[in-house]
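Comments concern the structure below.
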Amino acid sequence: MSRKQLIYINELSKYDGKTVTLNGWIYNKRESKTLVFLILRDGTGLLQCIVSKDDIGDELFEVADSLTQESSVTLTGRVQEDERSTGGFELHVTDIKVHQITQDYPITPKEHGIDFLMENRHLWLRSQRQWAVMRVRNEIIYSIHKFFQERGFIQMDAPIFTGNAVEGTSTLFETNYFEEKAYLTQSGQLYGEAMALAHGKIYTFGPTFRAEKSKTRRHLTEFWMIEPEMAFYDLDMNMDLAEDMISFIVDRVLTRRSKELEILGRDTSKLENVKAPFPRITYTEAIEILTSDKTRILLEEMEGSRIQEDKDLRDEITVLEKESGQAKKGRKIQIEKRLKEVRTRLEEIEEDLRNIPVWKKSALEKVWGDDLGGSDETILTMQFDTPIMVYGYPSAIKAFYMKHDPNNDKVALGVDMLAPEGYGEIIGGGQREESLEVLLDRIKEHELPVEAFSWYLDLRKFGTVPHSGFGLGLERTVAWLCGLKHVRETIPFPRTLGRLYP
Ligand code: 4AD
Ligand code: MG
């Protein structure tokens, strides 16, 4: 007996001229007296389906006419190549089976506010842009596994309940673990180190949690991190690996997800630049750049150009509004659309104009020892076309496990990779302290409970070796490659301050 198989929209080139049955949902509909144009969505793409009264008869034509947005259907019809259609094919419908006529689908083609869309995230995921983002995310995930698996890394799952704070104690989510305190993990690194001493090269790929109490574009409370850890790697080898990995991911997303990037309106020329080697600059050089005249001039120019753009856009609004009064229906719709774009852009400009003076102050007043904030990273990365790696941060602002520079105790062998176009930190990592005595001192200095780390200290007792690793934030990578402003659209169901549903 032959197995039942489904046919999908993205395979139609195999069925040109043939009759097929497709399953999906109505994305959009246009109709005239004798024709209904349905846009079918099946998860793999969109397809224009033509229902003609003459071909199909009155009864089925009425069924087609009654279909609403997101009604679920099974359509049968003849596939015909058509260059003008999205995807290059059309379906001439011969039969329609309705699963459900959907009433009052809340997300209509008109514009909705972000809060409304977030509350309807479970449905919003069906929209084109969100669909494209999730497919880029999937490609990134696949590429990461491919990259590491092809290089002999063993994937490991670190625990989610843990007794150890890794990245500071201020962002821990505490849970009650049978009357014992447990935290949701901030990072799988410590467990990765144990596994690296068993397997040489490993990577984790799992959820991590941080009680981030502020709303920013780059922070989620639950996010996915990929953490390779390698025995016998020093900081330079760690940086080589990080830049190879990022070049590999970007290349695959560009070649395999060009359609999705197009839907997102991503300027791919910016991503074409992402080729190893990436500039490696020390933290000290980063501070020099931030406090330089070049940075001051760059920000002043940015401010000037925003002010000019603001003025131009306001003039455009005046002109458009005047024209709208006498315009015909078609032109009026065009004008409305443009006005919406202009107003959105004006809001962005206003935000920039509020931010720039704050950014400028933060950058120009930086002194050695200060941590780099989001805006500092933005300013730094604006000055490069590729990601950059900043290494050698002050040890005082870095985690307890970081190895210090043997020549300068004030400097830690840590590295952050900052993505261009203002995206900022996507990777944090470095070389680990391998000495038992030193690590023990550090744990005490950081006022961490030594007892909870006794197993970790064993790794320095039994065959300790130099080793390094890093953590890549998946959502920040998705935001960068998709060109999204905010990480909330990069994960199916984002968890942020104040959002637990859907
Ligand atoms: O720089 P972080 O804190 O490094 C670590 O956790 C190390 N233990 C990693 C390691 O060496 N194995 O976090 C790593 C990355 C950041 O660069 C960022 O991309 C992402 O994780 N990240 C977040 N992404 C979204 N929301 C948050 N709240 C994030 N915090 C960190
Ligand atoms: Mg970091």
Side-chain angles (χ1 to χ4, degrees), residues 137 140 144 148 153 156 158 162 164-173 183-196 201-230 233 235 238-239 241-242 245-246 249 283 371-374 376-377 381 387-391 393-394 397-403 412-419 423-433 456 467-481 484 486-491 494-497 499:
R137 179 182 169 103
I140 295 171
I144 291 169
F148 285 117
F153 285 66
M156 75 165 282
T162 173
N164 297 109
V166 192
E167 298 299 327
T169 48
S170 65
T171 60
L172 287 169
F173 276 113
Y183 309 113
L184 298 183
T185 188
Q186 296 168 308
S187 155
Q189 180 194 321
L190 305 188
Y191 301 96
E193 290 183 50
M195 192 77 157
K201 296 188 288 189
I202 64 91
Y203 68 106
T204 70
F205 200 129
T208 47
F209 306 87
R210 301 208 187 160
E212 302 283 0
K213 289 181 198 82
S214 58
K215 290 189 181 175
T216 79
R217 296 170 177 197
R218 317 179 190 207
H219 290 92
L220 295 163
T221 54
E222 177 180 302
F223 60 100
W224 286 66
M225 196 158 33
I226 296 89
E227 298 184 87
E229 190 71 32
M230 298 76 63
Y233 269 46
L235 179 64
N238 201 23
M239 290 197 271
L241 184 75
M245 177 191 73
I246 292 297
I249 296 170
Y283 165 88
D371 206 352
L372 303 184
D376 305 315
E377 291 175 4
T381 56
I388 59 173
M389 291 191 278
V390 180
Y391 66 97
Y393 283 83
I397 57 169
K398 286 291 174 186
F400 75 94
Y401 53 74
M402 285 226 185
K403 189 176 170 68
L413 300 180
V415 58
D416 279 0
M417 188 188 288
L418 312 181
Y423 279 94
E425 181 188 343
I426 51 169
I427 284 180
Q431 191 167 337
R432 322 305 189 188
E433 179 52 65
Y456 182 64
H467 63 288
S468 300
F470 60 82
L472 170 72
L474 179 61
E475 287 71 25
R476 291 195 190 170
T477 309
V478 177
W480 166 42
L481 296 190
L484 303 175
H486 203 295
V487 288
R488 69 189 159 206
E489 286 178 46
T490 63
I491 183 165
R495 296 290 172 252
T496 52
L497 184 71
R499 180 157 307 283

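Start at 1 with the first residue, then count along the sequence. One-based numbering, in listed order, for ligands and for the atoms of each.
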Q: Output all residues satisfying side-chain hydrogen bond (donor to acceptor under 3.5 Å, both in side chains) with Y183, sequence neighbours left out; order by chain, then residue number.
A: none
Q.
Can you tell me which portion of R218 lies within the under-4.0 Å heavy-atom range of ligand 1? Options are side chain, backbone, both, or neither.
A. backbone
Q. Using heavy atoms and a threshold below 4.0 Å, how should the contact between W224 and ligand 1 be classified: side chain, backbone, both, or neither?
A. neither
Q.
What I want to know is whether E425 and ligand 1 share at least one N or O pair that is separated by under 3.5 angstrom.
A. yes
Q. For E425, what is the atom name of its N, O or S atom nearest to the Mg ion (ligand 2)?
A. OE2
Q. Is there any N or O on E167 that sits under 3.5 Å from an N or O of ligand 1?
A. yes
Q. So is H219 polar-close to ligand 1, meaning N/O to N/O under 3.5 Å?
A. no
Q | For atom 12 (N) of ligand 1, the protein heavy atom that lies nearest, with its residue and separation | A | E227 OE1, 2.6 Å
Q. Is it true that the side chains of Y191 and T185 contain a donor and an acceptor less than 3.5 Å apart?
A. no
Q. Can an N or O of L220 be found at a distance shorter than 3.5 Å from an N or O of ligand 1?
A. yes
Q. Does ligand 1 have a heavy atom under 4.0 Å from the side chain of R432, from its backbone, from both, or from neither?
A. side chain
**Q.** Nitrogen or oxygen atoms of I426 and ligand 1 under 3.5 Å apart
**A.** yes
